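Below: one structure, written as structure tokens.
In what follows, every chain begins at residue 1, and chains take the letters A, B, ... in the order their sequences are listed. Just the heavy atoms: all of them, side chains too, but no hydrogens, waters or symmetry mates, feed the values below. Just so it is clear, the structure is predicted and the values come from calculations on it, not from any experiment.
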Amino acid sequence: DAGITQSPRHKVTETGTPVTLRCHQTENHRYMYWYRQDPGHGLRLIHYSYGVKDTDKGEVSDGYSVSRSKTEDFLLTLESATSSQTSVYFCAISEGRGMANEKLFFGSGTQLSVL
Amino acid sequence: QKEVEQDPGPLSVPEGAIVSLNCTYSNSAFQYFMWYRQYSRKGPELLMYTYSSGNKEDGRFTAQVDKSSKYISLFIRDSQPSDSATYLCAMSGENYGGSQGNLIFGKGTKLSVKP
């Protein structure tokens with residue numbers, strides 16, 4: 001999966017607890033993204049980063065925060081998990097150069113269940 | 001009307017058949033059009049990438065974009081059981097999420113190719 005590692009691969013947690021998902025890349029790509037995939041909704045962008053400490057919101061950012069302290073790592077945090085955040089979370093990367101920025105490469109995903 | 005419409009299927013075809021997958025969209029700002037293939041429990045994998053209108057061929061796969069009709073297609077020739085997956089269309093534009101990798105995805109069509 002294009003040098004992208006997501007951890008953990010599976011997580012079960014309880015409502016109200018904080019959760020952090022990690023994405024690590026070895027491609028030295030500038031842009032990193034967090035998407036969620038749900039039946040009936042498809043893939044939706046949560047947050048993205050265009051450089052170290054540079055992040056912005058996507059379509060469904062409420063209840064999520066992100067951080068990027070190093071080029072290779074992008075963290076997604078659910079401050080207080082809710083059942084509506086049960087989903088499969090995908091990290092993606094892109095080169096960040098013009099048209100090549102439209103080519104996203106995805107990790108294998110994290111299955112998160114909030115009980 | 002959803003921005004991107006894609007028939008979820010499932011679509012079942014015999015091995016060797018020609019497969020046609022389609023998406024329609026409503027936003028004329030879209031300029032970049034992609035097809036992703038997603039195997040079960042895996043991340044989406046970029047299959048085809050097209051800028052603006054026209055055709056693009058890669059082996060057994062052909063992507064077509066008709067911007068006047070706001071319609072894109074993916075054709076798979078000589079389909080194989082290994083093509084069984086969910087196919088996602090995705091699109092963006094410079095004035096719509098472009099350069100930030102904010103792709104708008106269809107919900108995916110599940111394809112099954114029977115031996």
Residues A:T77 and A:T20: side-chain donor-acceptor under 3.5 angstrom: yes

Which region of B:Q6, side chain (C-beta onward) or backbone (N, CA, C, O), has a non-hydrogen atom less than 4.5 Å from a non-hydrogen atom of chain A, or is it both or neither? neither

Are B:Y49 and B:F33, when compared by the centres of their aromatic rings, separated by less than 6.0 Å?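 No, the ring centres sit 6.0 Å or more apart.
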
Name the region of [X], side chain, backbone, both or neither, that has any atom closer than 4.5 Å to a heavy atom of chain B.
X: A:Q6; answer: neither
X: A:F90; answer: side chain
X: A:R44; answer: neither

Determine, stepwise, if the pair B:E5 / B:K70 fulfils salt bridge (Lys or Arg N to Asp or Glu O under 4.0 Å). CA-CA 11 Å; B:E5 299 274 9; B:K70 297 188 177 66; over 6 Å; no

Would you mind reporting whether A:N28 and A:T71 have side-chain heavy atoms less than 4.5 Å apart?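 Yes - at least one pair of side-chain heavy atoms lies under 4.5 Å apart.
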
